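Shown next, in structure tokens, is the structure this report addresses.
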Amino acid sequence: MVQISLPDGSVRAFDAAPTGLALAESIGRGLAKAAVAMRVDGVLMDLTRTIDTDATVAIVTRDQPEGLELLRHDAAHALAEAAKELYPDVQVTIGPAIDNGFYYDFHRATPFTPDDLARMEERMREIVDRDEPIQREVWNRDDAIAYFQSIGEQYKAEIISDLPQDEVITLYRQGDFIDLCRGPHLPSTGRLGKAFKLMKLAGAYWRGDHRNAQLQRVYGTAWASDKDLKAYLTQLEEAEKRDHRRLGREMGLFHQQEEAAGMVFWHPKGWRLYRRLEAWLRERLERESYVEVKTPQLVDRKLWEASGHWEKFHDSMYIAENEEGLRAYVENPKERIFALKPMNCPCHVQIFNQGLKSYRDLPMRMAEFGSCHRFEPGGALHGIMRVRNFVQDDAHIFCTEDQIISESKAFCALLLGVYRDLGFTDVFVKLADRPAKRHGSDAVWDKAEQALAAACDVSGLPYVLNPGEGAFYGPKLEFTLRDAIGREWQCGTLQVDFVLPERLGAFYVGEDGAKHHPVMLHRAIFGSFERFIGILIEHYAGRLPMWLAPTQVAVATIVSDADGYAQEVATLLRASGLQVELDRRNEKINYKVREHSLAKVPVMLVVGKREAEERTVSIRRLGRPDQETMALADAIAALVADAAAPDGVQSPVAAAAE
RNA sequence: GCCGACGUAGCUCAGGGGUAGAGCAACUGAUUCGUAAUCAGUAGGUCCGCGGUUCAAAUCCGCGCGUCGGCACCA
């Protein structure tokens with residue numbers, strides 16, 4: 001007799017140990033149909049296994065998150081089976097479930113083509129129709145290795161060899177295909193359903209290491225139902241519509257071209273957006289007692305050697321000299337050569353080092369909107385998000401060890417306020433702590449890590465540990481925000497640095513009259529302006545908040561009789577500080593409304609004969625079908641108020657009140 | 001950097017060894033119209049670059065550059 005407790009608290013008794021399938025059947029047909037696996041006393045298992053002892057069991061269904069994950073994993077297996085059937089020369093490697101789907105990495109001498117993708121997907125559907133039972137088998141380790149070697153599956157044999165000695169080796173068999181897998185799996189391939197689609201081909205390195213063989217990765221998406229699949233594909237189309245490269249062109253913000261790969265040509269409208277954002281952030285920094293500096297683009301290699309960057313990154317640094325100097329450098333690499341700065345910190349230390357600093361000067365918060373060049377590998381470039389020339393909203397806080405906590409707290413507050421004002425409220429943090437190879441004593445690391453953790457706590461920021469991922473010079477916080485369609489972007493950073501000040505000879509005179517090295521906090525909120533603006537564009541799908549919109553108001557006439565008045569309206573708006581486009585073209589109002597809507601102009605003022613006579617305007621806001629007619633003076637006042645940048649002033653006051 | 005795909009008018013794309021195509025945009029003209037496309041006409045090209053095959057190359061082949069999707073990288 002086996003007693004099984006269910007999640008609703010009820011208990012069912014069975015004479016003989018039932019399988020998960022039988023249990024599900026006994027509860028209900030609908031549940032049995034949707035079942036993909038079960039949890040027995042918390043352990044995920046195949047439905048085909050029997051429940052031998054009294055236990056608490058929950059049936060996992062295909063629409064639950066973990067059920068969906070299993071489904072995707074099964075889709076990967078079906079893909080592998082299809083690939084093996086169609087192309088006997090492939091070797092299978094790994095095929096996990098991922099967000100929205102799955103992939104499988106294959107080894108094969110000849111590359112797959114898009115046609116192969118279609119064939120494999122077709123074969124997967126046949127495998128589902130065959131409804132092959134999926135059977136779990138426990139194998140002896142050496143037998144398993146020998147077996148996979150015998151069928152030419154070297155990668156599988158290697159995976160098993162590397163599994164811990166005490167690991168139970170399970171293989172899953174479906175049709176003629178047998179694969180190493182931890183499981184669990186569906187009872188049969190028919191349960192997978194057909195809500196999947198193979199999406200793309202890509203290269204991927206074996207075990208993620210570029211020194212290893214390159215495999216062919218096939219990506220697919222898989223869902224519990226056709227409806228979900230369709231919704232996902234629609235969502236992809238929507239994401240494509242907010243692609244910053246597309247919107248950048250459509251809205252006339254910037255362009256990029258071959259002659260300056262990885263760099264940005266900002267057009268007037270894009271540059272206006274950039275400048276507004278910069279000016280706004282600058283004001284925020286000044287309020288927090290940052291001082292702004294500007295440092296050289298070209299700096300002698302000596303400085304980069306001293307900072308340690310040359311040794312580690314000289315491959316991706318641009319060097320510069322005149323022709324004669326370059327020739328001399330090529331002949332003798334010891335010749336003097338300049339490099340375009342890949343970052344600002346060494347230069348900031350140079351400024352700090354001018355004149356004697358006292359502990360009374362600390363903390364010193366030195367900011368720079370520093371233009372940096374890095375020779376990023378060609379395959380890494382991506383619109384304006386990953387470029388070779390970018391501007392960091394960089395700052396370095398020179399402080400004492402005792403000031404790390406308060407400075408970190410203040411920075412978190414500043415960062416959160418900036419994000420919030422830009423429409424990002426969903427922020428989380430990773431705390432990357434000490435790596436194996438590091439500088440500085442454990443006591444100092446303790447202090448720094450604690451300071452960063454404390455800063456998160458006080459700021460109400462949840463953080464997850466990113467163990468061992470800190471820089472060799474200190475721990476760091478990595479700030480990640482979630483955009484309107486749920487994508488995550490790591491933007492901000494706060495890094496504690498015990499090393500650079502020492503390497504570059506920075507010191508201050510302490511209360512004790514002795515010289516001490518300051519701690520440097522490297523911090524950024526946007527990370528890079530280029531990338532952050534890309535994120536903003538995609539977050540808002542181009543419909544930027546009014547204060548950032550490159551064109552804030554379009555004044556459009558209905559008839560040419562209103563031209564004079566429209567001109568006057570535009571002039572008054574401009575005098576009030578708004579960015580205005582005047583559209584007096586001989587076009588129908590429908591046409592103009594459509595055009596300015598597509599251009600994502602937040603406000604349209606439509607003026608016809610009536611408005612001109614009454615000195616009013618008809619206001620139409622982007623994305624809304626209705627209009628409102630208002631006296632001109634009232635409208636201007638309202639629009640000016642709408643266009644005000646968030647000033648964040650209320651936040652410290654509110655914080656003080658709390 | 002690696003794997004794969006792609007590069008034709010301002011944009012989106014068709015064509016695939018023998019005279020370069022469409023829609024939208026642009027320009028010209030007509031139309032003066034009330035909130036997401038008025039009509040007609042005109043003009044527009046180093047088919048990414050270089051080399052090769054061929055009587056003939058946008059088309060086939062090679063190399064390069066760039067873009068896209070991944071992978072690796074990201075101080």
Side-chain angles (χ1 to χ4, degrees), chain A residues 103 105 108 110-114 116-117 199-219 240 243 245-246 249-250 252 255-262 304 307-317 341-346 372 374-383 385-388 390 392 394 471-473 476 490 493 495 497 500 522 527-528 531 554 556-563 584-599 604-611 618-629:
Chain A
Y103 67 77
D105 285 347
R108 187 181 183 226
T110 44
F112 288 127
T113 66
D116 293 327
L117 210 64
M199 303 294 283
K200 54 202 175 191
L201 293 164
Y205 298 105
W206 169 236
R207 299 198 151 161
D209 190 327
H210 68 281
R211 288 164 301 193
N212 290 340
Q214 186 152 39
L215 307 170
Q216 298 188 60
R217 177 169 296 180
V218 178
Y219 280 96
E240 208 173 305
D243 188 306
R245 291 164 296 198
R246 176 188 178 132
R249 186 182 59 239
E250 287 174 359
H255 88 272
Q256 296 178 279
Q257 69 186 50
E258 208 169 319
E259 287 79 358
W304 309 115
S307 70
H309 291 102
W310 185 266
E311 189 192 356
K312 222 175 157 193
F313 294 110
H314 71 272
D315 280 347
S316 47
M317 284 170 71
K341 72 174 170 187
M343 46 159 31
N344 307 298
C345 24
C372 298
R374 296 178 184 176
F375 186 79
E376 301 284 0
L381 300 178
H382 177 86
M385 302 270 214
R386 185 89 183 261
V387 285
R388 291 184 171 142
F390 55 94
Q392 294 179 319
D394 202 7
F472 71 91
Y473 50 75
K476 55 185 174 186
Q490 198 209 301
T493 185
Q495 308 178 8
D497 184 352
L500 203 60
H522 306 244
S528 109
R531 179 161 175 273
T557 53
I558 295 172
V559 291
S560 51
D561 287 349
D563 281 2
R584 293 188 298 188
R585 290 174 304 170
N586 180 8
E587 294 289 351
K588 286 190 161 182
I589 193 62
N590 282 313
Y591 184 86
K592 295 184 182 182
V593 166
R594 179 180 152 82
E595 270 215 334
H596 296 294
S597 300
L598 289 174
M604 278 195 74
L605 296 187
V606 175
V607 294
K609 236 182 206 161
R610 200 158 63 227
E611 284 80 7
S618 166
I619 305 182
R620 184 195 168 101
R621 288 178 195 272
L622 182 58
R624 293 230 306 259
D626 57 319
Q627 308 115 45
E628 185 185 1
T629 301

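Quick caveat, the model's predicted, so the values are computed rather than measured. So you know, we letter chains A, B, ... as the sequences are listed, proteins then strands, and number each from 1. What you see below is based on every heavy atom in this structure, not just the backbone, and it leaves out hydrogens, waters and symmetry mates.
- In this structure, the CZ atom of A:R217 is 16 Å from the P atom of B:rG4, given to the nearest Å.
- A:S316 comes within 4.0 angstrom of a nucleotide base, judged by non-hydrogen atoms across all strands.
- Classification of A:R207 and A:D209 as a salt-bridged pair fails, no side-chain N sitting under 4.0 Å from a carboxylate O.
- Nucleotide B:rG45 has no partner under the Watson-Crick or G-U criteria, as no pair reaches both atom distances under 3.5 Å.
- Nucleic acid contact for A:P111: sugar-phosphate only, since backbone atoms but no base atoms lie under 4.0 Å from a heavy atom of the residue.
- Nearest-nucleotide positions on RNA chain B place A:S560 closer to the 5' end than the other of A:S560 and A:S597.
- For A:K609, counting side-chain heavy atoms from C-beta on, the closest listed nucleotide (B:rG66, B:rC73, B:rG34) is B:rG34.
- For the C1' atoms, the distance linking B:rU46 with B:rU32 amounts to 44 Å, nearest Å.
- For B:rC60, the paired base is B:rG52 (Watson-Crick or G-U wobble, both distances below 3.5 Å).
- Nucleic acid contact class of A:A202 (heavy atoms, under 4.0 Å, all strands): base.
- Across all strands shown, B:rG17 forms no Watson-Crick or G-U wobble pair with both distances under 3.5 Å.
- Using a 4.0 Å heavy-atom cutoff across all strands shown, A:Y219 reaches sugar-phosphate atoms only and no base atom.
- Of the candidates B:rU32, B:rG34, B:rC68, B:rG34 carries the atom nearest the A:S618 side chain, counting heavy atoms from C-beta on.
- For B:rG10, the paired base is B:rC24 (Watson-Crick or G-U wobble, both distances below 3.5 Å).
- Residue contacts shown for A:H382 are limited to sugar-phosphate atoms, with no base heavy atom under 4.0 Å away.
- Note: CD (A:Q256) to C1' (B:rC48) measures 17 Å, nearest angstrom.
- Look at CZ on A:F375: it is 15 Å from C1' on B:rA72, rounded to the nearest Å.
- When Watson-Crick and G-U wobble pairs are counted only if both distances are under 3.5 Å, B:rG34 pairs with no nucleotide at all.
- Taking the C1' atom of each, B:rC11 and B:rA37 are spaced 16 Å apart, rounded to whole Å.
- Residue contacts for A:G308: at a heavy-atom cut-off of 4.0 Å it reaches no nucleic acid atom on any strand shown.
- Within the nucleic acid shown, A:G252 has no heavy atom closer than 4.0 Å to any nucleic acid atom.
- The stretch residues 588-595 of chain A comes close to RNA chain B through A:K588, A:I589, A:N590, A:Y591, A:V593, A:R594, each having a heavy atom under 4.0 Å from the strand.
- With distances taken from any side-chain atom of A:R620 to the nucleotides B:rA36, B:rC65, B:rC73, the minimum falls on B:rA36.
- Taking the P atoms as reference points, B:rC71 lies 28 Å from B:rG62, given to the whole Å.
- Looking at A:Y205, its side chain has no donor and acceptor atom pair within 3.5 Å of the base of B:rG70.
- Between the NE2 atom of A:H210 and the C1' atom of B:rG70 there is a distance of 17 Å, given to the nearest Å.
- Whole-Å rounding puts the A:Q257 CD to B:rC48 P distance at 17 Å.
- Comparing the P positions of B:rC63 and B:rG1 gives a spacing of 15 Å, expressed to the nearest Å.
- Between A:A261 and A:M343, the residue whose closest nucleotide on RNA chain B is further toward the 5' end is A:A261.
- Of the candidates B:rG70, B:rG1, B:rU35, B:rU35 carries the atom nearest the A:Q627 side chain, counting heavy atoms from C-beta on.
- At a threshold of 4.0 angstrom between heavy atoms, the contacts of A:L598 include nucleobase atoms, whether or not backbone atoms are also involved.
- Evaluation of atom-type donor-acceptor distances gives a pair under 3.5 Å for the side chain of A:E611 against the base of B:rG34.
- The residue A:R374 sits close to a base: some heavy atom pair falls under 4.0 Å.
- Using a 4.0 Å heavy-atom cutoff across all strands shown, A:R610 reaches at least one base atom of the nucleic acid.
- As the counterpart of B:rC39, B:rG29 is assigned, both hydrogen-bonding distances of the Watson-Crick or G-U wobble pattern falling under 3.5 Å.
- Under the Watson-Crick and G-U wobble criteria, each requiring two contacts below 3.5 Å, nucleotide B:rA5 is paired to B:rU67.
- When distances are taken from the side chain of A:R386 to each of B:rC74, B:rA36, B:rA75, the shortest belongs to B:rC74.
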